[in-house]
Amino acid sequence: MSRTIIVVGSSQGIGLEIVRQFAADSANKVWALSRFHQGTGKLDEFQNVYCRKVDVSKPDITAQMQSVLEEAGTVDILINNAGYLVNKPFENLTYQDILTSYQTNIIGIMLLTQEVVKKAAENGLHIVNISSMGGFQGTMKFPGLAAYSSSKAALCNFTELFAEEYKATNIKMNCLCLGAVQTEMLEQAFPGYIAPTRPAEMANYIVDFSKNGAAFFNGKILPVSISTP
Ligand SMILES: NC(=O)c1ccc[n+]([C@@H]2O[C@H](COP(=O)([O-])OP(=O)(O)OC[C@H]3O[C@@H](n4cnc5c(N)ncnc54)[C@H](OP(=O)(O)O)[C@@H]3O)[C@@H](O)[C@H]2O)c1
């Protein structure tokens, strides 16, 4: 089955692996959006990957997304994987720290999703938001992550609200709250911690869920973690 997939936040870590795994099926067209793809060569081996420069945190995210969608056409799967993490004691957080966290982790995601729903494939669109266990209600919380985890919690809440508003359509949205995965972001949040999960393993789960999960879940906030953090 041929699908058009957009992965937002795809130059490294889990997002890069998600793109690679979707691209392994040559029937798929994969749009890999990030700020810093250019010249990395990480995805050069794939003829069916289209890397485009998109900065989710910028106020013109709507226009950026419109120009991607003009090329991409209709969309079957959107994975909102971009994330920004600042690790600082609460009292040291600046206005810009909090603003960039919210712009990247929720505001930009909401605005770009507005554009993608207008281009939903006739057979349906599954939107998968990538949140964190830190944004999941009632989980253990960690110092230094107030801006990051609260903005990820907003992404969880948005998922429920979106699904309610679109429940009569074939556009579905779910949210995966990830536990620790060995990436640069994890090292920033928990220096020296060794995670039990590698990016390719988590990507494998996310790819499978994005293809099959919409038949079983809508508006759900699902923990995907075997560790704390
Ligand atoms: N690793 C973990 O343990 C863990 C745990 C819980 C949740 N998560 C979540 O999983 C997702 C992937 O995390 P990761 O660990 O793979 O992080 P990562 O290695 O830091 O990768 C983050 C990705 O987001 C992109 N990104 C950041 N700011 C962006 C912006 N303004 N516009 C567009 N893209 C942007 C980055 O690309 P550019 O820099 O090229 O733009 C990069 O490709 C994130 O949403 C993160 O919050 C991760």
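Only this structure's heavy atoms are used, side chains among them; waters, hydrogens and symmetry mates stay out.
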Would the distance check show the side chain of [X] and the main-chain N or O of [Y] forming a donor-acceptor pair, the cut-off being under 3.5 Å?
X: Gln12; Y: Glu184; value: no
X: Ser2; Y: Ala27; value: yes
X: Ser151; Y: Tyr148; value: yes
X: Gln21; Y: Asn204; value: yes
X: Ser34; Y: Ser11; value: yes
X: Asn157; Y: Ala154; value: no
X: Asn48; Y: Ala23; value: yes
X: Gln182; Y: Ala195; value: yes
X: Gln188; Y: Asn87; value: no
X: Ser57; Y: Gln103; value: no

Could you give the distance from [atom1] ([X]) to [atom2] ([Y]), rounded to the nearest 0.5 Å?
X: Ser101; Y: Ile107; atom1: OG; atom2: CD1; value: 10.5 Å
X: Lys141; Y: Phe136; atom1: NZ; atom2: CZ; value: 9.0 Å
X: Ile194; Y: Thr197; atom1: CD1; atom2: OG1; value: 12.5 Å
X: Asp44; Y: Lys42; atom1: CG; atom2: NZ; value: 11.5 Å
X: Glu115; Y: Leu111; atom1: CD; atom2: CG; value: 8.0 Å
X: Arg35; Y: Lys53; atom1: CZ; atom2: NZ; value: 8.5 Å

If we only count heavy atoms from C-beta on, is the [X] to [Y] side-chain gap below 4.5 Å?
X: Ile79; Y: Ile130; answer: yes
X: Ser227; Y: Pro229; answer: no
X: Ile206; Y: Leu178; answer: yes
X: Val68; Y: Leu112; answer: no
X: Gln64; Y: Asp55; answer: yes
X: Thr113; Y: Met173; answer: yes
X: Lys88; Y: Thr94; answer: yes
X: Met1; Y: Lys211; answer: no

Which pair of heavy atoms, one from [X] and one from [Y], lies closest together, and at what distance?
X: Thr183; Y: Pro199; result: CG2-CG, 3.8 Å
X: Val181; Y: Arg198; result: CG1-C, 3.7 Å
X: Tyr193; Y: Ala180; result: CE2-CB, 3.7 Å
X: Ala147; Y: Tyr102; result: O-CE1, 3.8 Å
X: Asn129; Y: Asn80; result: OD1-ND2, 3.0 Å
X: His37; Y: Ala32; result: CD2-O, 3.4 Å

Discussion item. Tell me whether the rings of Phe162 and Phe158 are parallel (<30°), tilted (30 to 60°) or perpendicular (>60°).
Written reply: perpendicular
Discussion item. Ring-plane angle category for Trp31 and Tyr50, please: parallel below 30°, perpendicular beyond 60°, tilted otherwise.
Written reply: parallel
For atom [atom1] of [X], decide whether the heavy atoms of other residues, nucleotides or ligands shown that lie under 6.0 angstrom number more than 12.
X: Glu71; atom1: CD; answer: yes
X: Glu45; atom1: CD; answer: yes
X: Lys172; atom1: NZ; answer: yes
X: Glu165; atom1: CD; answer: no
X: Asn123; atom1: CG; answer: no

Consider only side-chain heavy atoms of I, L, V, M, F, W and Y, link residues closer than 4.5 Å, and tell whether [X] and [Y] are in one cluster.
X: Leu176; Y: Val19; answer: yes
X: Ile77; Y: Val49; answer: yes
X: Ile106; Y: Val54; answer: yes
X: Ile18; Y: Val224; answer: yes
X: Val86; Y: Met133; answer: no

Fill in: Qualifying residues under ring pair (Phe, Tyr, Trp, His ring centres under 6.0 Å), relative to Phe46, sequence neighbours excluded
none
Practice prompt. Starting from the C-alpha separation in whole Å, work towards a yes-or-no answer on side-chain contact (heavy atoms from CB on, under 4.5 Å) for Cys177 and Ile221.
Written response: CA-CA 7 Å; Cys177 293; Ile221 302 160; 3.6 Å; yes
Practice prompt. Please step through side-chain contact (heavy atoms from CB on, under 4.5 Å) for the pair Met185 and Ile14, ending with a clear verdict.
Written response: CA-CA 10 Å; Met185 183 182 286; Ile14 300 163; over 6 Å; no
Worksheet item: In terms of side-chain heavy atoms, does Thr169 have a donor or acceptor partner in Lys167 at a distance below 3.5 Å?
Response: no
Discussion item. Evaluate Asn105 against Ile109 for side-chain contact (heavy atoms from CB on, under 4.5 Å), listing each step before the verdict.
Written reply: CA-CA 7 Å; Asn105 296 340; Ile109 298 297; over 6 Å; no
Worksheet entry | Worked verdict on Gln114 versus Met65 for side-chain contact (heavy atoms from CB on, under 4.5 Å) | CA-CA 10 Å; Gln114 285 179 326; Met65 205 61 200; over 6 Å; no
Worksheet item: Checking side chain to side chain donor-acceptor pair (under 3.5 Å) against His126, which of Asn212, Asn174, Asn170 comes through?
Response: Asn174
